[in-house]
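Each remark here refers to the structure printed beneath this line.
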Amino acid sequence: MDRDELLSSIRKAIRGDDTFREQLVEWSKDETDEFFESLGELYCDVELDADHRLEVGSAIALFFNAYPEDQTVIVNWGSLDEEQRTTFKENLFMTLGDDDKDIRNMTAVLVAKIGSMELPYEKWDSLIPDIVSVLNSDYDDVYKCTALDTLGYLCKDTPLQALINFDFDIAKVLAECMGEDYDMKIRERAVKALENSVKFLAEIFGDKEKAEILVQSVMQMFQESEKSAIISIRCMNQITTHYYLEILDLIQPVVENIMEILTCEIEDIIIQCLDFFTIIAKASDIHRIDPKLSILANSVEQLTRTLCEFLTQPDHTVDIDTWNLTASSSNCLIQLSNYYSTGVSDIALQYIDAYMEEDEWEKQYATIMIFGSIIAAIDESDAQTFASQFLDHVLTFFTDIDDDVSNELVLLQGTAAWCIGRITEHIPELVRGKFLPSIVNILLKAIQMPHNIACNIGYVIYALGDSFIPFANEETNALSPYLPDLIETLMERASAEDAKNVDVRGTCFMAIENLIKASAIDRRAYLAEDVLEKIYDTLKNLMGATEQDDIDIQAHMCVLIKATVYVLSDVLELDSANAILELMLEMLNNEDTALEVTDEVVAVLGPLATALEEDFVEHLDTVKDYILSGLRMVDSYDIIDHTTDSLSDIIDAVGPNIVPYVEEILTTIVESMDSEQAGNMVKIKLMSIFGDVAVAMQEDFAEYYAPSLKEIQGVMELEIDDDDEVYELKVALLEIASSFMQALRECPEVILDELEFYMDIIFNSVPIRDYFDEDIIVPDDNYETVSNIVVNTSVNVLESAFYSLQDVIATCGTEKPEEFSENDYISPWIKNIIRFSNNDHVRTVGRNTSRMYQRLLGALNLNR
């Protein structure tokens with residue numbers, strides 16, 4: 001391959017010339033060996049000008065980063081001769097010590113990129129040992145710094161499982177490099193590498209001695225310099241986020257140290273400190289640690305006062321949505337008040353009383369921020385009174401809605417809008433009452449203000465709509481008179497010039513979606529005739545749009561049409577539903593429709609199926625291909641999520657009519673679940689379709705039962721550490737178990753053959769047990785909400801699974817499998833039921849669970 005021609009093509013390609021980019025891709029496909037060999041030689045040629053080498057490096061990065069969607073580059077790279085790949089990697093690794101700083105930095109990125117592709121396939125397994133060897137050797141500090149950068153990038157980009165076997169070596173060398181014997185540049189890079197490595201070091205942090213070494217190594221960097229303080233506290237935040245319980249005994253000195261650092265005058269360091277305390281409060285709340293025994297118990301009063309004082313130091317020269325000291329202080333105060341409740345709110349209210357009557361705008365700002373932050377923690381009996389007084393106060397900031405106002409007033413207005421949103425969210429009955437007319441009047445005007453205020457106004461309308469959703473099925477509600485004006489004003493605001501590329505558009509559309517969901521029966525005609533027509537016309541006009549601005553609007557409009565069709569599913573006229581479906585299919589068939597729009601269009605198919613019911617059957621042949629295509633997109637959770645949700649609705653709508661398509665659907669799902677690109681959440685979503693198909697087919701599902709069960713058991717064997725994923729898996733398993741048992745109740749022997757499997761899901765894998773397990777985090781920040789999750793899961797999903805199993809066993813009479821053992825399943829539950837019954841928050845669940853439990857014991861002839 002001609003060296004000069006390659007360099008010239010590279011130079012033009014990285015400057016954006018598509019012709020030469022395509023030429024490079026063609027060479028990579030047709031002349032793979034020679035192409036990559038030439039790239040490697042050029043990049044590592046120290047005689048070549050550094051700028052030219054950087055261009056070659058950019059070309060290499062271009063391939064590994066810009067073209068992975070069709071896996072072309074990975075396939076090409078993998079098709080190289082093993083010896084050639086080894087030579088390329090060895091030469092690249094040696095370039096980590098290059099004399100040119102920019103070359104070193106780029107090499108660190110390239111080595112990490114190739115390593116992240118190869119390590120999951122057990123290739124280049126010498127990479128991490130080689131990096132560790134450099135760090136343990138007598139190489140100069142420059143080489144070691146680049147090696148640490150490489151290790152950090154590698155740990156950040158590589159799947160966790162591919163790094164587990166190296167966790168001890170990495171932790172050990174990083175702890176050593178953070179030691180006082182090393183130059184500060186090396187120590188700082190070691191901390192940054194540790195920050196990227198934290199997620200896969202579970203075994204290290206599970207060992208108290210090893211964890212203590214790392215924690216102390218990071219902590220000793222706090223006081224070294226401004227840069228090292230920011231890096232090391234940020235790293236400690238990562239460690240605390242992932243291993244709070246494991247390091248709980250080690251963290252008290254860290255708390256004391258960071259409380260001292262909080263007195264410094266460097267804002268970036270203070271923000272990292274506040275993030276640390278936010279993480280601590282949140283983790284303590286999630287793990288249900290008694291606030292009186294928490295590690296912040298002795299610091300909470302001082303910390304609360306410090307936060308309230310920080311909130312008197314707003315910067316009116318930046319946008320209100322900028323993450324700065326006041327934003328960080330408010331976030332920390334919210335988490336503290338959620339956890340410590342009145343212990344924080346009582347102190348904060350003292351500041352509000354002191355500042356409320358002050359004329360200085362900074363004090364007014366602090367008053368609003370403090371109240372908005374602690375509102376959820378104020379004693380229930382006082383909350384309405386305080387909030388009512390506060391609404392009267394903050395609404396006065398909107399008497400002057402004009403473009404020509406001071407920066408200070410703009411900041412106050414934006415903050416006041418946020419505070420009104422918090423009140424609407426936490427005390428919705430107050431806003432739905434006497435304040436509603438005045439608030440809506442202000443919202444309609446204030447949404448036209450600059451984007452930094454409009455975003456918060458959109459949030460208020462979003463919260464307002466959310467508060468009315470429970471009353472959506474009533475004949476009318478207090479929102480009905482204002483609904484058209486609110487929706488039309490938001491539509492207009494979302495299309496304004498300054499709504500582009502900022503949060504205004506997204507916030508407006510989210511608010512419209514909630515207003516649609518909250519509409520009472522008397523506004524259904526308006527939704528059907530005006531809103532749907534406007535959305536339909538907009539999508540029709542934007543068909544095949546290629547400008548990103550138009551694509552964004554298309555995607556948002558699809559979300560709105562989905563919400564509207566759901567609300568109108570019982571009353572939507574057949575002609576209207578068919579017209580919308582035809583438009584959706586037209587968009588899917590248009591080759592210019594962007595991928596993110598296609599994803600949202602597929603999400604609309606489910607609600608349309610619900611509206612059309614059996615009339616949707618005639619469209620199955622057309623829709624099937626798009627559903628199957630979505631099921632294959634395993635590298636995108638959002639697409640899988642939307643596709644499976646729509647498919648679930650379609651199956652529910654057409655019932656047994658889905659049977660002709662089941663073979664192809666389940667085959668595609670199994671192929672996707674077996675894909676190496678499929679993540680845990682993708683597999684869980686795909687797996688859920690087995691239950692839907694079973695319910696639709698009933699006893700005819702028997703022929704698909706065994707292969708479906710095999711896939712499900714495969715998912716159960718995955719090593720899942722993420723708490724949200726664990727929770728979603730358990731709920732999905734309960735739903736599938738219930739569906740299988742309902743579908744196959746006419747042939748219960750099939751279920752009884754796998755009775756242990758079902759008993760294990762129902763008794764040992766449900767979220768109720770984990771609610772009392774100190775080692776499991778329930779995935780929510782708020783205790784009350786966590787209780788609601790447990791209530792909903794247990795009373796709805798768990799109850800269904802219990803009753804289904806009971807029916808299966810009762811149908812079989814006295815026949816019981818020998819392997820069933822009371823001690824294996826029943827005994828652990830007795831303790832949990834007692835604990836449920838004694839828990840004020842979930843006493844109802846305890847009673848319901850006990851009743852279900854007794855009925856199941858009766859079916860099993862195990863009553864004592």
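Values in this document were obtained by computation on a predicted structure and should not be read as measured data. Hydrogens, waters and symmetry mates are skipped; everything else that's a heavy atom, side chains included, is used.
Although no hydrogens or angles enter the test, the distance criterion places a donor-acceptor pair under 3.5 Å between the side chain of S232 and the main chain of A229. A donor-acceptor pair under 3.5 Å is formed between the side chain of N237 and the backbone N or O of Q272. Within the 3.5 Å criterion, the main-chain N or O of V142 finds a donor-acceptor partner in the side chain of T146. At least one donor-acceptor pair under 3.5 Å links the side chain of T644 to the backbone N or O of I640.
Inter-residue side-chain proximity for I279 and Y244 is flagged as unmet; no heavy-atom pair is nearer than 4.5 Å. You'll find the side chain of W27 stays beyond 4.5 Å of the side chain of S38, heavy atoms only. Side-chain contact between L127 and F93 is present, with heavy atoms from C-beta onward closer than 4.5 Å. When side chains are defined from C-beta on, S58 does not count as touching E55, because their heavy atoms never get closer than 4.5 Å. Using a 4.5 Å cut-off on side-chain heavy atoms (C-beta onward), Y637 and K685 make contact. Taking 4.5 Å as the limit, some side-chain heavy atom of F88 sits within range of a side-chain heavy atom of I114. In this structure, T598 and Y626 have side chains that are not in contact, with every pair of non-hydrogen atoms separated by 4.5 Å or more. The side-chain heavy atoms of L274 and L325, taken from C-beta on, include a pair separated by under 4.5 Å.
Side-chain contact, S636 with D638: no donor N or O sits under 3.5 Å from an acceptor N or O. Between the side chains of E725 and N680, at least one donor-acceptor pair of N or O atoms lies under 3.5 Å. Between S137 and Y143, the side chains place no donor N or O within less than 3.5 Å of an acceptor N or O (distance only, hydrogens not considered). Counting only N and O atoms by type, the side chains of Q548 and D552 include a donor and acceptor under 3.5 Å apart. Side-chain contact of S228 with S225: a donor-acceptor pair under 3.5 Å is present, judged by distance alone.
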Extract all donor-acceptor atom pairs below 3.5 Å that involve side chains of residues 194-205 and protein atoms in other chains or at least two apart in sequence.
unit_1 : atom_1 : unit_2 : atom_2 : d
E195   : OE1    : R234   : NE     : 3.1
E195   : OE1    : R234   : NH2    : 3.4
E195   : OE2    : R234   : NE     : 3.1
N196   : ND2    : G152   : O      : 3.2
S197   : OG     : A193   : O      : 2.6

For residues 94-102, please give each side-chain donor-acceptor pair under 3.5 Å, one per line with the distance, not counting sequence neighbours.
unit_1 : atom_1 : unit_2 : atom_2 : d
T95    : OG1    : N91    : O      : 2.8
D98    : OD1    : D100   : N      : 2.9
D98    : OD2    : R53    : NH1    : 3.2
D98    : OD2    : R53    : NH2    : 2.9
D100   : OD1    : D102   : N      : 3.0
D100   : OD1    : I103   : N      : 3.1

Checking side chain to side chain contact (heavy atoms under 4.5 Å, CB included) for the pair V218/F222: CA distance, chi angles, key distance, verdict? CA-CA 7 Å; V218 174; F222 287 176; 4.2 Å; yes
Apply side chain to side chain contact (heavy atoms under 4.5 Å, CB included) to L6 and I10, showing your working. CA-CA 6 Å; L6 179 57; I10 288 172; 3.9 Å; yes
Go through it in stages, so that I can follow the logic: the residues are V111 and W124, the test is side chain to side chain contact (heavy atoms under 4.5 Å, CB included), and I'd like the CA-CA distance, side-chain angles, deciding distance and then a yes or no. CA-CA 11 Å; V111 169; W124 207 1; 3.8 Å; yes
Let me see the working for I251 and V215 under side chain to side chain contact (heavy atoms under 4.5 Å, CB included), right down to the final yes or no. CA-CA 8 Å; I251 212 167; V215 169; over 6 Å; no
Given side chain to side chain donor-acceptor pair (under 3.5 Å), test T107 with Y43 step by step and report yes or no. CA-CA 9 Å; T107 304; Y43 184 72; 2.7 Å; yes
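Going from atom CG of L595 over to atom CD1 of I551 covers 10.5 Å, rounded to the nearest 0.5 Å. For the atom pair CG (D207) and CD (E246), the distance works out to 11.5 Å, reported to the nearest 0.5 Å. Between the CD1 atom in I131 and the OG1 atom in T150 there is a gap of 5.5 Å [rounded to 0.5 Å]. Taking CG from L729 and CE from M716, the interatomic distance works out to 7.0 Å, rounded to the nearest 0.5 Å. The structure places CG of L248 at 5.5 Å from CD1 of I295, a figure rounded to the nearest 0.5 Å. Distance check: E180 CD to R187 CZ gives 5.5 Å after rounding to the nearest 0.5 Å.
Contact detail for V134 and A147: the closest heavy-atom pair is CG1-CB, 4.0 Å. Nearest heavy-atom pair, L163 versus C155, reported as atom, atom and distance to 0.1 Å: CD1-CA, 3.8 Å. Taking each heavy atom of M178 and M221 in turn, the nearest pair found is O-SD, 4.3 Å. Considering every non-hydrogen atom in both S672 and L686, the closest pair reads CB-CD1, 3.7 Å. For the pair I186 and C145, the tightest heavy-atom approach, listed with the atom from each and the gap, is CG1-SG, 3.8 Å. The two residues L42 and L48 come nearest to each other via the heavy atoms O-CD2, 3.6 Å.
A salt bridge does not link E41 with R3: none of the charged nitrogens is closer than 4.0 Å to a carboxylate oxygen. Salt-bridge check for R505 with D549: passed, with a basic side-chain N closer than 4.0 Å to an acidic carboxylate O. Using a cutoff of 4.0 Å between basic side-chain nitrogens and carboxylate oxygens, K185 and D141 are not scored as salt-bridged.
Here D249 pairs with K208 under the salt bridge (charged side-chain N to carboxylate O under 4.0 Å, His left out) rule; sequence neighbours left out.
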